[in-house]
Amino acid sequence: MSTAQLVVQHLPYLRRYARALTGSQVAGDAYVAATLETLVNEPETLGRSANVKADLFRVFTRIWNSLSVNGQSDQVQHDLPAEVRLGQITPLPRQAFLLSCLEGFSEEDAATILGVDVSEVRDLVDEAGRELAADMATEILIIEDEPLIAMDLEALVEGLGHNVTGVARTRTEAIKLAEGRRPGLILADIQLADGSSGLDAVNDLLKTFEVPVIFITAYPERFLTGERPEPAFLIAKPFQPANVSAVISQALFFQQSARRREAKATV
């Protein structure tokens, strides 16, 4: 397989990482496009190691960290609610956390991507874990038709300190549950029991209220093509609990960040 083919193979996962890091399909895809332009102009940046995926993420990281605004965080104010303090976590620990927990890179590969040593990666992941463990409880609606997976998600969500408003197996059940108790976050499968779509269910819900959504699917590559509006937060089945934890934290982080920006804009 050629280098170009290998890059194409890993692009869906770079898009996922970029969107989780930026909280936006548009912004994430823009950074991915800049990464591809760099590879065209500097083809020697690939092939420095035997891991093309790690090289690809390293080039992306170089571009991301070259912008000073991406390295800034607000001054920490410990008297604020924990879910607001989440927005003050420094970006480098978030990158290390996502590379390790969402993308599944080894400590060695994450160190190469970030340009640090392995011990620093461990420290960064630990730092992110401590800060993300702050109390940011919310109400979560689970849309999942497979009972065992739904039970695993419910246990995981409750273990993180959140409350489950209900588990829906179909689009109709999801709408009914949300009408009775509005969630603060949604975890949604894409293909549901009665043949209905989790995407359609979420679109129906978002017509009446705004909430962060995390989609879970066995076929993430179908929704990471960049050809249409796509989920900003996407988890592949079978999932690792740490991946779900990381993405929930990121989704709540960007929700709180957006609210703070809106509040500042209205002052």
Side-chain angles (χ1 to χ4, degrees), residues 16 19-20 23-25 81-87 89 94 97-98 101-102 128-129 131-193 196-218 220 223 230-260:
R16 175 174 64 183
R19 293 171 189 180
S24 162
Q25 175 186 342
E83 66 269 21
V84 177
R85 294 204 305 272
L86 179 63
I89 296 175
R94 289 207 316 273
F97 191 75
L98 284 171
C101 297
L102 177 62
E131 297 192 51
L132 293 175
D135 181 17
M136 55 181 181
T138 190
E139 304 284 326
I140 295 182
L141 170 63
I142 297 173
I143 306 175
E144 171 59 63
D145 66 330
E146 297 184 37
L148 291 179
I149 293 179
M151 289 174 60
D152 286 344
L153 288 172
E154 189 170 6
L156 173 60
V157 163
E158 291 177 346
L160 292 172
H162 305 294
N163 296 317
V164 176
T165 64
V167 178
R169 298 180 66 251
T170 67
R171 177 181 180 181
T172 301
E173 289 179 9
I175 294 171
K176 185 176 181 179
L177 282 172
E179 287 175 350
R181 192 173 172 187
R182 185 166 294 183
L185 184 143
I186 297 173
L187 283 172
D189 190 7
I190 291 179
Q191 295 182 345
L192 302 180
S196 60
S197 166
L199 283 169
D200 291 337
V202 167
N203 286 333
D204 287 340
L205 296 177
L206 293 181
K207 292 176 183 176
T208 57
F209 62 94
E210 185 176 348
V211 63
V213 181
I214 299 170
F215 286 100
I216 301 176
T217 175
F223 302 92
E230 299 164 346
F233 301 103
L234 195 64
I235 295 174
K237 290 181 179 179
F239 57 80
Q240 296 295 323
N243 294 6
V244 180
S245 175
V247 178
I248 287 176
S249 297
Q250 288 296 304
L252 292 174
F253 163 77
F254 286 112
Q255 179 195 42
Q256 295 299 330
S257 295
R259 287 179 177 174
R260 285 190 295 149

**OP:** Flag the pair Leu177 / Thr165 as yes when at least one side-chain heavy-atom distance between them is below 4.5 Å, and no otherwise.
**Re:** no
Original post:
Below 4.5 Å, heavy atoms only, C-beta onward: do Val211 and Leu205 meet side chain to side chain?
Top reply: no
Original post:
Atom CZ in Phe239, atom CD1 in Ile149: separation rounded to 0.5 Å?
Top reply: 6.0 Å
**OP:** Compare every heavy atom of Pro183 with every heavy atom of Ile186, then report the nearest pair and how far apart it is.
**Re:** CG1-CG, 4.0 Å
Subject >> Close side-chain approach of Thr172 to Ser196, heavy-atom, < 4.5 Å >> reply: no
Original post:
With a 4.5 Å heavy-atom cut-off, do His162 and Ile248 have their side chains touching?
Top reply: yes
**OP:** Please name the pair of heavy atoms, one in Glu144 and one in Ala150, separated by the smallest distance, quoted to 0.1 Å.
**Re:** CG-N, 3.8 Å
Subject >> Nearest-0.5 Å distance, OG1 of residue Thr170 to CG of residue Leu192 >> reply: 7.0 Å
Original post:
Roughly how far apart are Arg171 CZ and Asp145 CG, rounded to 0.5 Å?
Top reply: 15.0 Å
Original post:
Any idea which heavy atoms bring Gly166 and Leu141 closest together, and the distance?
Top reply: O-CD1, 3.4 Å
**OP:** Would you please name every residue forming a salt bridge (charged side-chain N to carboxylate O under 4.0 Å, His left out) with Glu173, sequence neighbours left out?
**Re:** none
Subject >> Residue pairs involving residues 149-160 (criterion side-chain hydrogen bond (donor to acceptor under 3.5 Å, both in side chains); sequence neighbours excluded) >> reply: none
Original post:
Between CD1 of Ile143 and CD1 of Ile214, what distance do you get to the nearest 0.5 Å?
Top reply: 12.0 Å
Subject >> Separation of Ile235 CD1 from Ile216 CD1 (nearest 0.5 Å) >> reply: 5.0 Å
Original post:
Counting heavy atoms not belonging to Lys237, are there more than 12 under 6.0 Å from its NZ?
Top reply: yes
**OP:** Any chance you could measure Asp189, atom CG, to Glu146, atom CD, to the nearest 0.5 Å?
**Re:** 6.5 Å
Original post:
Which heavy-atom pair separates Ala20 from Phe233 by the least distance, and what is that distance?
Top reply: CA-CE2, 4.2 Å
**OP:** Not counting sequence neighbours, which residues clear salt bridge (charged side-chain N to carboxylate O under 4.0 Å, His left out) with Arg181? List them please.
**Re:** Glu139
Original post:
If you look at every heavy atom in Ser245 and Leu160, which pair is closest and at what distance?
Top reply: OG-CD2, 3.7 Å
